[in-house]
J.: 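The structure follows.
Note that this is a predicted model, so its numbers are computed, not measured. Letters A, B, ... mirror the listed sequences (proteins, then strands); counts begin at 1.
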Protein chains: 2
Amino acid sequence: MNENNKLASSIGKMPTMADVARVAGVSPMTVSRALRKHQFVSTKTMERIEHAVDQLGYVLDKSAGALSSRRTGFVAALVPSLNNSNFADTVRGITSGLTQSGRQVLLGYTDYSIENEEQLIEGMLRWRPEGIIVTGGRHTARARKLLQNAGIPVIETWDLPPNPIQNVVGFSNAEACRALVYRLYERGYRKIAFLGGTTTRDTRGADRRLGYQRAVDELGLPPGRVISFGSPPISMQQGGEAIVLLLRQWPDVDAVVCVSDLSAFGAIAECQRRGLDVPDRIAIAGFGDFEVARCSHPRITTVAVDAEAIGQLAAGQLIRALDSKDLNTPETLVVPFTVLERESTRKA
Amino acid sequence: MNENNKLASSIGKMPTMADVARVAGVSPMTVSRALRKHQFVSTKTMERIEHAVDQLGYVLDKSAGALSSRRTGFVAALVPSLNNSNFADTVRGITSGLTQSGRQVLLGYTDYSIENEEQLIEGMLRWRPEGIIVTGGRHTARARKLLQNAGIPVIETWDLPPNPIQNVVGFSNAEACRALVYRLYERGYRKIAFLGGTTTRDTRGADRRLGYQRAVDELGLPPGRVISFGSPPISMQQGGEAIVLLLRQWPDVDAVVCVSDLSAFGAIAECQRRGLDVPDRIAIAGFGDFEVARCSHPRITTVAVDAEAIGQLAAGQLIRALDSKDLNTPETLVVPFTVLERESTRKA
DNA sequence: TGCAAATATGGTATCGATAAACTGTCTGCA
DNA sequence: TGCAGACAGTTTATCGATACCATATTTGCA
């Protein structure tokens with residue numbers, strides 16, 4: 001098979017559409033139409049062309065097609081991270097929706113940094129994507145400008161930006177976290193702490209903290225019980241370390257809301273290691289409904305958001321915007337969240 | 001800002017390099033060189049061009065550049081899945097390596113199906129990637145042919161294919177799993193079962209099972225204690241369900257090797273729920289050194305493979321192959337694995 | 001039978017950049 | 001002083017496909 005390679009690279013030239021046309025005895029234009037399953041090609045010619053294609057091992061060159069049709073078929077999608085996060089599900093939703101419509105997703109990770117995001121946006125726009133899906137509503141000024149001037153549909157996800165660029169598919173992280181705190185309150189918890197990352201890089205994490213603080217204020221609970229530990233994404237490991245700090249500082253805490261299920265899980269495991277029963281000694285809740293929250297022992301109370309649906313909805317919105325060629329009516333899609341009470345906050 | 005959009009799309013035309021050239025008072029070629037940081041452009045012209053660029057809000061069109069230079073800057077990477085798998089780490093390794101060299105990764109998920117893989121390969125090749133990284137060594141016949149005829153570097157990862165297409169960055173899943181079983185044997189376990197997925201879709205999973213079986217044979221342990229449950233990727237949930245079946249069928253089992261840490265974790269949690277102590281009543285080991293294995297209580301014995309390094313090495317190999325323009329010396333890089341003994345198999 | 005509409009196909013001109021080869025300028029050193 | 005060679009910039013010719021318009025053939029139906 002090595003031989004084959006040397007062959008391909010020594011002959012060097014890959015066959016082009018013109019070659020196919022020559023072999024099939026038609027014009028390149030007809031080949032082009034045939035390969036795009038255009039309607040006006042007779043069955044006979046179609047077969048001849050298909051035959052020529054296999055014979056030559058021809059592979060369509062989309063990068064040439066993109067230039068001449070001025071439709072690249074690319075869609076850019078930027079997420080903070082893929083590792084251990086719901087964004088992987090969102091990406092799956094995006095890709096499944098878009099590949100079906102024959103488009104190619106260009107994926108980028110910002111690593112939770114809006115400066116990286118700016119860089120990535122700039123880089124992605126060079127490929128002339130037909131649309132772009134970003135995570136969150138906070139961007140650098142230049143990034144906003146780039147997105148606005150790109151002249152393509154823009155979708156912000158996973159958030160409800162106060163000042164959206166165009167389309168939005170998201171929910172209020174603050175409201176969701178607030179609802180979680182209220183639920184804990186209803187269950188009788190009164191000394192509720194929040195455990196999250198230090199920086200404001202993770203804006204969704206920051207919003208969740210905000211929701212927590214609002215709820216604590218409204219309910220008249222002791223405020224300020226916030227541990228900020230490590231930079232996002234908060235890992236399980238960090239959750240475990242942070243809970244130790246938290247318990248040292250406020251030993252009377254009876255419930256902890258974590259910025260994500262991963263940190264919640266880490267916290268729970270660490271408590272178990274130290275012989276602190278969850279939920280009897282301390283209740284711990286997470287955010288995101290990760291699989292680990294559904295399967296761990298105890299199962300973890302959390303806020304569920306359908307991450308894959310966010311991706312699918314974003315893809316759908318994008319496709320609709322492209323088809324209607326009408327950027328004038330940006331729409332905001334609010335996806336629901338659900339507080340799922342599980343064993344980790346079941347008061348004895 | 002909406003206005004801005006309407007503006008951009010109603011004016012319609014994005015500025016081109018020729019526009020920049022006109023504004024800067026130079027030829028398009030000079031602009032091209034300037035933007036690619038080519039050496040032979042004087043500082044003065046450079047500045048004029050940069051100024052013209054921001055003035056017009058010009059964004060380079062790489063898809064046009066790709067056509068004329070016949071170097072797209074794309075690299076295709078195919079992984080089985082991104083959700084809850086080490087492949088997300090590998091992808092990160094791939095992208096970080098390649099974006100630094102100015103290339104764009106085209107990502108695709110096969111969903112553990114080589115038929116999907118074939119489709120994706122075909123689709124990706126249309127974009128004329130400069131190289132392609134695939135997962136595993138099993139492909140459809142047509143996929144192999146497509147890869148061989150593409151005339152670009154091909155890298156197979158996460159496996160040691162008996163019949164590699166070109167380059168390889170991987171390890172023997174069978175050997176790794178065999179080593180794990182041996183370690184359990186050394187620790188005194190004698191009735192060791194294997195818990196994995198049903199189908200042969202996940203070839204790495206199948207290899208791990210093979211390694212298990214080989215070890216059991218060699219050690220003279222009771223064979224056939226294999227539970228196959230659900231299709232890959234085996235989730236935590238499925239691990240939990242499978243361990244129940246396993247214990248019903250072979251109540252005397254003293255150790256279980258799971259196809260991944262996720263299923264191991266699910267199995268452990270289910271045992272805990274049923275009051276079966278891990279590791280005292282039953283030892284459970286996983287594979288992959290996921291974060292959950294490092295943080296759970298008990299911590300899970302596993303086989304660690306540096307997934308991100310696989311990606312980085314693959315990226316490095318690819319870049320080297322591209323630079324040397326020499327496909328004639330395919331190399332196989334074997335990455336190490338380590339059996340990590342943790343609490344989940346600590347015999348009392 | 002006749003003729004408009006529908007269907008099939010071809011010819012030509014791009015799309016927006018870069019490669020390659022070429023023309024001047026300027027420098028430094030024998 | 002003269003000339004090689006480095007440097008700056010231009011001109012021209014693609015790259016491989018598709019849009020658009022023109023043309024040829026067929027079909028449908030009054």
Side-chain angles (χ1 to χ4, degrees), chain A residues 12-50 52-53 56-74 102 104 125-130 151 325, chain B residues 12-50 52-53 56-74 102 104 125-130 150-151:
Chain A
K13 289 271 180 222
M14 297 239 114
T16 104
M17 195 172 262
D19 298 322
V20 176
R22 206 169 305 121
V23 171
V26 292
S27 80
M29 196 59 236
T30 304
V31 176
S32 173
R33 273 196 284 256
L35 294 181
R36 280 176 296 156
K37 317 264 177 244
H38 192 284
Q39 43 180 344
F40 298 138
V41 179
S42 73
T43 326
K44 246 191 320 194
T45 347
M46 195 69 174
E47 278 166 8
R48 284 225 310 287
I49 290 172
E50 275 166 4
V53 165
L56 294 172
Y58 171 71
V59 178
L60 184 64
D61 186 331
K62 289 230 185 198
S63 71
L67 181 60
S68 77
S69 68
R70 268 177 299 179
R71 301 183 346 97
T72 56
F74 287 132
Q104 171 71 45
L125 289 179
R126 295 196 211 281
W127 291 111
R128 296 287 185 272
E130 299 176 19
K325 284 169 161 44
Chain B
K13 288 273 179 222
M14 298 236 111
T16 106
M17 194 172 264
D19 297 322
V20 176
R22 206 168 305 122
V23 171
V26 293
S27 79
M29 195 61 235
T30 304
V31 177
S32 173
R33 273 198 283 257
L35 294 182
R36 281 177 295 154
K37 318 263 177 246
H38 193 284
Q39 43 180 343
F40 298 137
V41 179
S42 73
T43 325
K44 249 193 315 194
T45 346
M46 195 70 174
E47 277 166 9
R48 286 226 309 289
I49 289 172
E50 275 166 4
V53 165
L56 294 172
Y58 172 71
V59 177
L60 185 66
D61 186 332
K62 289 229 186 199
S63 72
L67 181 60
S68 78
S69 68
R70 266 175 304 179
R71 301 180 352 93
T72 56
F74 287 133
Q104 170 70 45
L125 290 179
R126 295 196 212 281
W127 291 110
R128 296 288 186 270
E130 298 176 19

J.: For a quick test of reading the model: is some side-chain N or O of B/T16 closer than 4.0 Å to OP1 or OP2 of C/dA17?
T.: yes
J.: Please report the C-alpha distance between A/T16 and A/D19 in whole Å, then the side-chain angles of each, then the deciding distance to 0.1 Å, and finally whether the side chain to side chain contact (heavy atoms under 4.5 Å, CB included) criterion is met.
T.: CA-CA 5 Å; A/T16 104; A/D19 298 322; 3.5 Å; yes
J.: Select base, sugar-phosphate, or nothing to describe what A/S42 touches, counting heavy atoms under 4.0 Å on all strands.
T.: sugar-phosphate
J.: Please report the distance, rounded to the nearest Å, between CE in B/M29 and P in C/dA19.
T.: 6 Å
J.: Whether A/T30 contacts C/dG10 is assessed here as follows: a side-chain N or O lying under 4.0 Å from the phosphate OP1 or OP2. Is that the case?
T.: yes
J.: Output the single nucleotide from D/dA17, C/dT9, C/dG16 whose closest atom is nearest the side chain of A/L67.
T.: C/dG16
J.: Expressed in angstrom and rounded to an integer, what is the separation of A/R126 atom CZ from C/dT18 atom P?
T.: 11 Å
J.: Between A/Y58 and D/dG16, is there a contact of a side-chain N or O with OP1 or OP2 at under 4.0 Å?
T.: no
J.: Quick one: does A/R128's side chain get under 4.5 Å of A/F74's, heavy atoms only?
T.: no
J.: Rounded to the nearest 0.5 Å, what separation is found between the OG atom of B/S63 and the NZ atom of A/K62?
T.: 13.0 Å
J.: Mind running side chain to side chain contact (heavy atoms under 4.5 Å, CB included) on B/L60 and B/Y58 for me, showing each step along the way?
T.: CA-CA 7 Å; B/L60 185 66; B/Y58 172 71; 3.5 Å; yes
J.: Just how far, in rounded Å, is P of D/dA8 from CZ of B/R36?
T.: 16 Å
J.: Starting at CZ of B/F40 and ending at P of D/dG5, how long is that distance when rounded to a whole Å?
T.: 15 Å
J.: Using side-chain heavy atoms (C-beta onward) and a distance below 4.5 Å, is B/M17 in contact with B/L35?
T.: yes
J.: Identify, between A/P28 and B/A64, the residue whose nearest nucleotide on DNA chain D lies closer to the 5' end.
T.: B/A64
J.: Nearest-Å distance, CZ (A/R48) to P (C/dA8)?
T.: 14 Å
J.: Any idea which of C/dG16, D/dG9, C/dT9 is nearest the B/S68 side chain?
T.: C/dG16
J.: Within the 4.0 Å heavy-atom criterion, would you say B/S69 contacts the bases, only the backbone, or no part of the nucleic acid?
T.: sugar-phosphate
J.: Does any donor-acceptor pair link the side chain of B/R33 with the base of D/dT10 at a separation under 3.5 Å?
T.: yes
J.: Using whole Å, what does the distance between atom C1' of nucleotide D/dT14 and atom CZ of B/R71 come to?
T.: 17 Å
J.: Please report the distance, rounded to the nearest Å, between CE in B/M17 and C1' in D/dG9.
T.: 15 Å
J.: Taking OP1 and OP2 of D/dG9, is either one under 4.0 Å from a side-chain nitrogen or oxygen of B/T45?
T.: yes
J.: Check the distance between D/dC20's C1' and A/R70's CZ and give it to me in whole angstrom.
T.: 12 Å
